[in-house]
2 protein chains.
Amino acid sequence: MATSELDKYSKPSVAVDIVVFTIMGNELKVLLIKRGQPPFAGQWSLPGGFIQIDEQLEGAALRELNEETGVRDVYLEQLYTFGNLNRDPRGRVISVSYFVLVDSTKIKPFVTGKENISEVQWVSIEKLPSLAFDHDKIVKYALRRLRYKLEYTAVGLELLPDNFTLTDLQRLYEIILSQKIDKRNFRKKILSMGILEKTKVFKKGAHRPAMLYKFKKAKPISTFRGFKFEG
Amino acid sequence: MATSELDKYSKPSVAVDIVVFTIMGNELKVLLIKRGQPPFAGQWSLPGGFIQIDEQLEGAALRELNEETGVRDVYLEQLYTFGNLNRDPRGRVISVSYFVLVDSTKIKPFVTGKENISEVQWVSIEKLPSLAFDHDKIVKYALRRLRYKLEYTAVGLELLPDNFTLTDLQRLYEIILSQKIDKRNFRKKILSMGILEKTKVFKKGAHRPAMLYKFKKAKPISTFRGFKFEG
DNA sequence: ACAAAAGTGTTCCTAATACACCCATGA
DNA sequence: TCATGGGTGTATTAGGAACACTTTTGT
């Protein structure tokens, strides 16, 4: 591989940063890690890290996420590439950001092997601390994208188990959009999309059992209005 | 600047590639350059190049565009970051792609000082040759984004002079979306957005003069639903 | 006077909204 | 039997789509 031309000038570093969302209880949460080393030692930040020379961008995002937090098998989508000159005090670092949605029932306890992480935690979007680097901006953008996509895609299903009730789904929308939704209108709209299928199972609880639904097709792995990249 | 940690591993190169759209005659055109050097010597490709270590991403895109084609003062928006391992035969190159809209009346004749470019040309989107690298994919994505944004933003105004008739604007929509639009519905919708303002000037021609309009506010420089980054 | 583009309203249909009661179950 | 969440329909409104003729100018 002839890299001579490419090596003429000093290069920036390339990192990935990942905004992982999940719904826990009645809150939308983001996965944060407490940095164990400078810069920003002791401060909260997004999971992420430098990509390897022989590694796909998405692969790097998934690897970092798994190494740092044990989270696997998730919906992943590229967000935006942040490249301000001074976003990292160590030098020029360009960060390709991703957003990830994960069903909280599939999350296992954190087992991180990384020495430079002192803590991993799910933090409510309402109670975010100030984050390292420009990660505040990245989270803000990710949240915007999540809310926006919820309106015209079925992406929200990535946050639920395979079988769920319509009330579960509505609660998810209400939490993410932080607003109440009319039950009848919500059901009408969701069902008219034709993406849900009744199972023959009911969820039993303290009260009237609720029909469980499942998503019809293979879960969507797309990035922009159904357009699939780099696959 | 402590770059020791960053330099432990070999780094990918980072490039920008730019899809520049304009309307000429009755066609949507993209700016292409014919490569003068390997790889892909003699083949058409998008304008672009490697970023410098002390240069903003957007700045690099604008610089490359200006150096290669003389195009300046344009609407610029980040598209997507392509990073497949083998997208460049020279080695690992990650490309941050941008899309640019430029009013064709503001384009000056090309004066490129770069030795590695043998030709610069505006090519109709209908007659694109097969492009170098993964640039076909980038153009496809850019076109998709342009069509999509046209539906819910005023981004199309970037392709027109400051003053324009409603017929000019409608023609622009028809060319980009490649479909006829009803004149009355189009005017109703555009005017109801409240973003246009009548000038007191008429465009004289062979027939009945048409009212010239202009855009009300500062032209939008945004990347995603009005959200401004890195600014 | 005529050719050519400018300009203008109404009807229809679809989709979003607002809104309230009965049902099935476990305790 | 009652407390709790599950489940259902209709009337109104707003926005998008279909559709044709008159006006103004230059030649």
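None of these values were measured; they are calculated from a predicted model. First the proteins, then the strands, lettered A, B, ... as listed; each starts at 1.
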Measure from [atom1] on [X] to [atom2] on [N] and round the result to the nearest Å.
| X | N | atom1 | atom2 | answer |
| --- | --- | --- | --- | --- |
| B:F186 | D:dG15 | CZ | P | 18 Å |
| B:I181 | D:dC19 | CD1 | C1' | 16 Å |
| A:D182 | D:dG6 | CG | P | 14 Å |
| B:K203 | C:dG7 | NZ | P | 11 Å |
| B:F202 | C:dA6 | CZ | P | 12 Å |
| A:H207 | C:dG26 | NE2 | P | 10 Å |
| B:L191 | C:dA6 | CG | P | 14 Å |
| A:K183 | D:dT8 | NZ | P | 10 Å |

Could you tell me whether the phosphate oxygens of [N], OP1 or OP2, come under 4.0 Å of any side-chain nitrogen or oxygen in [X]?
| X | N | result |
| --- | --- | --- |
| B:R187 | C:dG7 | yes |
| A:R184 | C:dA18 | no |
| B:T167 | C:dA5 | no |

* Asked: Is there a donor N/O on one and an acceptor N/O on the other, under 3.5 Å, for the side chain of A:R208 and the base of C:dA24?
  -> no
Between B:P209 and B:A206, which residue's closest nucleotide on DNA chain C lies nearer the 5′ terminus?
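By nearest-heavy-atom nucleotide position, the 5'-most residue is B:A206.
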Could you please name the option among D:dT24, D:dA17, D:dG9 that lies closest to any side-chain atom of A:K188?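 Closest nucleotide among those given: D:dG9.
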**Prompt:** Can we say B:R63 and B:E67 salt-bridge, meaning some charged N sits less than 4.0 Å from an Asp/Glu carboxylate O?
**Reply:** yes
Thinking salt bridges, do B:D134 and B:R87 make one under a 4.0 Å N-O criterion?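 Judged by the 4.0 Å cut-off on N to carboxylate O distance, B:D134 and B:R87 do form a salt bridge.
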Quick check: are there more than 12 heavy atoms from other residues, nucleotides or ligands sitting under 6.0 Å from CD of B:E126? no
Would A:F164 and A:L157 satisfy side chain to side chain contact (heavy atoms under 4.5 Å, CB included), going step by step from the backbone distance to the final call?
-> CA-CA 9 Å; A:F164 50 87; A:L157 298 176; 3.5 Å; yes
Under a plain distance cut-off of 3.5 Å, with no hydrogens placed, do B:N163 and B:T199 share a side-chain donor-acceptor pair?
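Distance-only check fails for B:T199 and B:N163.
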